[in-house]
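Below is one structure, written out as structure tokens; comments come after it.
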Amino acid sequence: MDAAAGAAAPNYLRAGKGLASWLTTTDHKRIGILYLIAILVFFLFAVCLGLMIRLELFSPGEQFVGNQGYNRILTLHGITMIFLFIIPSVPAVFGNFFLPIQIGANDVSFPRLNLASWYFYIGGGLFALGSVILGGVDTGWTFYIPYSADTADNVYLPILAAFILGWSSILTGLNFIVTVHRLRVPSMPWFRMPLFVWALYATSWIQILATPVVGITLLLILLERFLGIGIFDPAKEGDPVLYQHLFWIYSHPAVYIMVLPAMGIVSEIVPVFCRKTIFGYKFIAISSLAIAGIGSLVWGHHMFTSGMADLERIVFSLLTFLVAIPSGVKVFNWLATMYKGSIRLATPFLYALAFIFLFSVGGFTGLLQGALSTDIHIHDTSFIVAHFHYTMFGGGGVMFFGALHYWFPKMFGRTYCESVARWAFALFFVGFNCLYFPLFLAGLAGMPRRYADYLPEYLVYHRISSIGSWILVAGIVLMLANLLRALFKGERAGRDPWGGATLEWTVPSPPPTHQFAAPPVVTRGPYEYARERASG
Amino acid sequence: MADGGTTSTDLHGAAGAAHAGGYDPMAAKMGMWLFLFTEVLLFGALFIVYGVYLHGFTWQFQQGSARLSIPVGAVNTAILLTSSLTMALAIAALQRARPARARRLLFATVGCAGAFLVIKAFEWAGKFAHGVYPGAAFLLEQSKGEIVFFGLYFTMTGLHALHVLVGVPVILWAGRRIRSGAISPEHSVFLENAGLYWHLVDLIWIYLFPLFYLIS
Amino acid sequence: MNAPAQEGHLVPCSVYVWVWAALLCLTAVTVSAKYADLQHLAIFAALLIATVKAGLVVLYFMHVRFEKPIFAVMILVLLATYGIYIGLTFVDYANR
Ligand code: HEM
Ligand SMILES: [Cu+2]
């Protein structure tokens, strides 16, 4: 349809030359790439910190970083992974790149704001790195009061970093909501939108409605610290538990910021590689909104042992069980889609399968924490550490890499070596489970989290876990090396290498700056392969 | 909706031509509203803090409130409400193609904002003079709840005053753009968004006033 | 999709003036309600009046009455979410 225009116009990668053309771009695709580079850098940085944590824990006793060093590395690892990697990852990279294309638009509604939010991101990242230069921070990524108001470390830098990154996240969400409302092509009603777009739309609402709460709460810590306003200070009869309420009002919904877009990608990949229309399209679409909504009802499950009222604990426990339902709906829909499909086990599909498995492990163990009595036993143990790595890393992180493999040919116009990609995946998957599964067992046996040292009886778990971290990192390195090689040496990819039916597969790979010379006309749902074959 | 043919080669310059290729006042307004949502929740979190402590320290909050002057608060309320009126009238004037009148009304709005801030400054200065500020020895001797009350008072009215302060250059800039013709009856969304912001600032004060001044 | 913007209806200026007058009256009402000995209800009365005022500002000054319904829907989403935040926080503090 727009083949002629596409062939004539240079692709977005070549549309302008030099660093300046990148740093001033307002093209949503280029901004997506800018995010990709920055996010990968921060991710690798935080992976190194994770490796250091695991090295320290290789044997009992203080190894090489010591207690205080451990606390600081742990905090920086958490802050970087949460605020600089997993929260922005999928929306800022793949959302920016593909949301406009999937709804037939040429850009987001506010392109300059989009670039601004990247600069906010970089600014926040520099603040976080600056805190390293000033010696690091030992509060943990949660900045719990009163310690964060009392510690001798420079908490203001990472707190400002989190604040700024929050605004970056808000601006991205704002942009996406308006884009979906205003720039969707007229021939695409709501229920013809790809499920990835639905997921991003729901995520964007969380970003807008939850982030400001944590923003102001973090500023209150600074006011507490510098002015002593007394709001959270127990010495002045302020209430530290109130801080926890406000913190988790954001930070629980934030886990859905991490995982909803990932679920959206699974919903894209599964039908494509099963050659079947997705099962229960409407249920998946609505369940994204449901997760966003119910997700704002359960924050208290992080505070079961903090001294909340008993009634409150019961209410939050009950609500926590509810939130499992829409996630379950999605899992069943994906499995039903696979049933009797003609499955092709290509790398993106492997990542989607890994997501379903790892996220389910994370989800089921989450139910143990949602139950009041069991949570008292496992609270603040390494069981929690295992749980949230399974959900965040096994969920959001895995699909970040799944999406990278799925959309790589579209973004860069090249294909990667499939067999190396599979080997990398295998290492990743094995390493992942070696690294985190023992932490469940150690936690059940009583190993506390955030400790640099442990009793000898936990040795075996920690040994396996540390060895797992090396396997995992080997997988990540191999995966990235494979993609890096493909960037320069890969074979040219066609317009639609996987046989997808969403709009991004109708434009050239890589797309020209203006991907749609004229608004495309959408005549069918995003996953209707049968009719596509019938009509040629 | 299409800007089809114009595949300009100057790609990064042409501020990201989306489909609509430019002016979509609905989009701009929707974006502004979503931004205001974040502002509402920013203050909303503080109102939750306020509510929790009012619940816990009812008596002490009443005592703290008694230290604030109701006439001063009421006058400031009237000033802000009036500024909201002039703002709304300025937009109405522009839509009726009377830019000069619109600008005069905007200046009136800025005048109100200035008056509000001056009064607020005197009020704060008075509190400081009486040793009522965070960390002051006098305040630390009062009941614990009162410390929290004034902690919240300064945080919330301070953040609000900051928003008033930010509003002033925005409104002045809107006035300039009316004169230069960048804002016109057909292209008025910048002014309308400035108005939305200003009304929100007013709206927050509508809650701040009774909660701090009127509970003694 | 691009609906004609709000130009369709110019709100008469007198509406704004009336709203302003009502807001000032309500301010006077809250201040005087403070002196009417309402005990526990005082805070709720104050919040009720403030909410009426806020409603006037949103509907008229901020034009929501004259905009497309999507704006009202979005505002309801905001209020519902904020209601959840307040409600669940107070389940804790009301039962400590
Ligand atoms: C190579 C990969 C990784 C390794 C080896 C690793 C290792 C660890 C370990 C051992 C801990 C717990 C330390 C303790 O509690 O004593 C930890 C904490 C944490 N990790 Fe990771 N992790 C990795 C990747 C990730 C990813 C991808 C994320 C986010 C998506 C993440 C987020 C966190 C968070 C939030 C904490 C808690 C920090 C705190 O308690 O303040 N990690 N990591
Ligand atoms: Cu949670």
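Source: prediction; values computed, not measured. Computed over heavy atoms, backbone and side chain alike; hydrogens, waters and symmetry mates excluded. Chain identifiers are assigned alphabetically (A, B, ...) following the order of the sequence lines, protein sequences preceding nucleic acid strands; residue numbering begins at 1 within each chain.
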Supply the atom-to-atom distance B:Met26 CE to C:Glu67 CD, rounded to the nearest 0.5 angstrom. 7.0 Å

Taking the side chain as every heavy atom from C-beta outward, state whether C:Thr27 and B:Phe209 have any pair of such atoms under 4.5 Å apart. yes

Using non-hydrogen atoms only, which part of C:Thr81 is less than 4.5 Å away from chain B: side chain, backbone, both, or neither? neither

Return the minimal non-hydrogen interatomic distance between C:Met62 and B:Leu36, and the atom names on each side. CE-CD1, 3.8 Å

Minimal heavy-atom distance between B:Ile206 and C:Ala50, with the atoms involved, is CG2-O, 3.5 Å

Return the minimal non-hydrogen interatomic distance between B:Pro210 and C:Thr30, and the atom names on each side. CB-CG2, 4.4 Å

Which atoms of C:Val31 are under 4.5 Å from chain B, going by heavy atoms: the side chain, the backbone, both sets, or neither? both

Tell me, side chain or backbone of B:Val40 under 4.5 Å from chain C's heavy atoms, or both, or neither? side chain

Portion of C:Phe61 that has a non-hydrogen atom of chain B nearer than 4.5 angstrom: both

Going by residue number, which parts of residues 89-96 of chain C are within reach of chain B, meaning a heavy-atom gap below 4.5 Å? C:Thr89, C:Phe90, C:Tyr93, C:Ala94

Take B:Ser84 and C:Tyr16 through the test side-chain hydrogen bond (donor to acceptor under 3.5 Å, both in side chains) and record every step on the way to the result. CA-CA 9 Å; B:Ser84 250; C:Tyr16 295 131; over 6 Å; no

Can you name the closest pair of heavy atoms from B:Leu81 and C:Trp20 and give their distance? O-CD1, 3.6 Å

pair B:Phe61-C:Ile43: side-chain heavy atoms closer than 4.5 Å: no

With a 4.5 angstrom heavy-atom cut-off, which part of B:Ile204 approaches chain C: side chain, backbone, both or neither? neither

Can you see which heavy atom on C:Tyr82 is nearest to which on B:Gly44, and at what distance? OH-O, 2.8 Å

For C:Ala54, is it the side chain, the backbone, both or neither that has a heavy atom under 4.5 Å from a heavy atom of chain B? both

Which answer fits B:Leu211, side chain, backbone, both or neither, if we ask what part of it has an atom under 4.5 Å from a heavy atom of chain C? side chain

Does any heavy atom of chain B fall under 4.5 Å from the side chain of C:Ile49, the backbone, both, or neither of them? neither

In terms of heavy-atom proximity below 4.5 Å to chain C, should B:Met30 be classed as side chain, backbone, both, or neither? both

At a heavy-atom separation under 4.5 Å, does C:Tyr60 approach chain B through its side chain, its backbone, both, or neither? neither

What part of B:Thr58 gets closer than 4.5 Å to chain C, counting heavy atoms only: side chain, backbone, both or neither? neither

Side chain / backbone / both / neither for C:Val52 at chain B, heavy atoms under 4.5 Å: neither

